[in-house]
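The structure appears below as structure tokens.
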Amino acid sequence: MAAASCSLQSCRELRVLSIGFHSRAGACSSFSTLHIEPALLDIIAQFLLEPPRLVADRFMGLLTGSGVELKDMSRTARYRPGVGTTWRIDIASAGAHAISEGMVKWMVRCTGHSFAFGVISEDRWHNLQKDNSMDWPFVGQGVGHGYGMIVRRGSAYISRQSPTNDPWNCNCAEDYAIPATDLQDAKFFSVVLDLDREHVFFERDGAMINGSVVKLTELQTAYRFIASVPDKTSSITIIGS
């Protein structure tokens, strides 16, 4: 189990404990019998290391744009046909749970050729509601709000919000392109919010997507799951709720 995919507190506890397994603890120390038991450390690591907590979330009607309909007891957000959409908020929906500490994960199953999901801070959600820029993901090419994985007709990107004092991304923060091979035959995706390490990253079938780690720029606030569904083929279902 990769340490970066486990809670910071559990990694620190393991680091302290593992000192006893190192020869520097001293041949005559009370830890000396552990020096020849490296397999025991692996067992202890599996016990101590804490993976991200899976959030049993649902989309919240009050945090859902007019172009999105919720199904399956609000676990699924999909495009609402026949409704005119203009702004980013119209095809976005956020989760009911606001997370302000620790390390958590949302797992999702996505359909369609275009969709987006990720996390957004409470403050930036309010900004998104007032955003009059005309594009469909809640964030893209540094413009918008939140941190997301964006899929557009087979091409995928990791995008991060621009600073509040640079809403139109004048400093040209670019999206990170994900190789198409990293998405082939994916059964589910995840977004992991790690407030202890102050970053977010994305997974494919439980494995971290290379290059998907993004530093958080707003720390004194809670975060919610967010999704955008821009097309009649688009839907995002939260798994594990």
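None of these values were measured; they are calculated from a predicted model.
Listed by chain and number, the residues in a side-chain contact (heavy atoms from CB on, under 4.5 Å) with Val151 are Phe115, Met149, Ala156 (sequence neighbours excluded). Residues that satisfy the side-chain hydrogen bond (donor to acceptor under 3.5 Å, both in side chains) test with Thr111, not counting sequence neighbours, are Ser235. Considering only residues two or more places apart in sequence or on other chains, Asp72 meets the salt bridge (Lys or Arg N to Asp or Glu O under 4.0 Å) condition with Arg75. Partners of Thr233 by side-chain contact (heavy atoms from CB on, under 4.5 Å), not counting sequence neighbours, listed by chain and number: His113, Asp231. In this structure, Ser114 has no side-chain hydrogen bond (donor to acceptor under 3.5 Å, both in side chains) partners at least two apart in sequence or on a different chain. Residues satisfying the side-chain hydrogen bond (donor to acceptor under 3.5 Å, both in side chains) test with Ser190, not counting sequence neighbours, are none. Residues forming a side-chain hydrogen bond (donor to acceptor under 3.5 Å, both in side chains) with Ser234 (at least two apart in sequence, or on another chain): none. When the salt bridge (Lys or Arg N to Asp or Glu O under 4.0 Å) test is applied to Asp196, no partner is found at least two apart in sequence or on another chain. Evaluation of the salt bridge (Lys or Arg N to Asp or Glu O under 4.0 Å) rule for Arg109 yields no partner, not counting sequence neighbours. Applying the salt bridge (Lys or Arg N to Asp or Glu O under 4.0 Å) test to Glu69 and every residue at least two apart in sequence or in another chain returns Arg78.
Inspection of the Tyr147 and Ser212 side chains reveals no N or O donor paired with an N or O acceptor under 3.5 Å. Looking at Arg80 and Ser66, their side chains never bring a donor and an acceptor atom within 3.5 Å of each other.
Sorted by first and then second residue, the salt bridge (charged side-chain N to carboxylate O under 4.0 Å, His left out) pairs with a member in residues 95-106 read Lys105-Glu203; sequence neighbours excluded. Each salt bridge (charged side-chain N to carboxylate O under 4.0 Å, His left out) pair with one or both residues in residues 133-156, not counting sequence neighbours, appears once here: Asp135-Arg152.
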Inset, instruction - Evaluate side-chain contact (heavy atoms from CB on, under 4.5 Å) for Ile178 paired with Phe202, printing each intermediate quantity in order. - result: CA-CA 11 Å; Ile178 303 172; Phe202 296 83; over 6 Å; no

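Shown here is Lys187, whose NZ atom has no more than 12 heavy atoms of other residues, nucleotides or ligands within 6.0 Å.
How far CG of Asp131 is from CG of Asp90: 10.5 Å, rounded to the nearest 0.5 Å.
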